[in-house]
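Input: a single structure, listed below in structure tokens.
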Amino acid sequence: MVPHLRTLGLDKQLLNNATASCDSPLAPQPALTDLDALLERVRAAGPTVTLTTEGDLAGLPAGLQLTVYRIVQEALTNTLKHAAPTTTIDVAVVATCATVRVAVEDSGPPHTPRKRPRDDRGQGLLGMRERASLYQGTVSTGPNARSGWSVRAQLHLLPPTNPPTSTPTEKHPA
């Protein structure tokens, strides 16, 4: 486990909210009101984290709030795994009448070679893309101008405007 994750007592299970035991009561799925608590856990590991929001986030459907939360959570998990504890992370969530935009940018690790080989298979990035696709959205990831990494997502609040071109029909025997 990465040292700054160990500091928090966090591992992948905790960040994925999979630590509930059989004796623990069930909790509701996280919403955007839970972002502050998530960011506090990340700050406890060392990074400086800022959150900027715009729009009516509380008015978003619960499923969309969960999707945004999980995208932010995975981006922060990746930063904790791959960047130095002294990194700076900026999180922005902007809701308009038609879309929600999410940006998570970090200042990256120091300019030193990677000390350990990458041991994951990138399932988190795939998961972000799958979640975004539920809302006709996209996720882009890559290096940024701050020598760090960026995750950007755009999700749509409205269903697709193009109806299916054909409607399946059932044929019943006469």
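- Taking 4.0 Å as the cut-off between side-chain N and carboxylate O, Asp90 and Arg146 count as a salt-bridged pair.
- Hydrophobic clustering places Val104 together with Leu39 (ILVMFWY residues linked when any side-chain heavy atoms are closer than 4.5 Å, directly or through intermediates).
- Between the Gln65 side chain and the Leu32 main chain, a donor and an acceptor come within less than 3.5 Å of each other.
- Side chain of Thr99 to backbone of Ala95: no donor-acceptor contact under 3.5 angstrom is found.
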CA sep, side-chain torsions, deciding dist, call: Met128, Val151, side chain to side chain contact (heavy atoms under 4.5 Å, CB included): CA-CA 10 Å; Met128 283 190 267; Val151 173; 3.7 Å; yes

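- Formation of a donor-acceptor pair under 3.5 Å by the Thr87 side chain with backbone atoms of Gly108 is found in this model.
- A donor-acceptor pair under 3.5 Å is formed between the side chain of Asp106 and the backbone N or O of Trp149.
- Residues Gln136 and His156 share a closest heavy-atom pair of O-CD2, 2.7 Å.
- When atom types are taken as modelled, the side chain of Asp34 and the backbone of Ala31 share a donor-acceptor pair closer than 3.5 angstrom.
- Val94 and Leu35 are not part of a single hydrophobic cluster, where members link through side-chain heavy atoms under 4.5 Å apart.
- Judged purely by atom type and a 3.5 angstrom limit, Tyr135 uses its side chain to pair as donor or acceptor with the backbone of Leu64.
- Atom CZ of Arg131 sits about 5.5 Å away from atom CG of Leu66, to the nearest 0.5 Å.
- Paired with Pro47 under the rule side chain to side chain contact (heavy atoms under 4.5 Å, CB included), one option of Thr88, Leu80, Thr86 passes, and it is Leu80.
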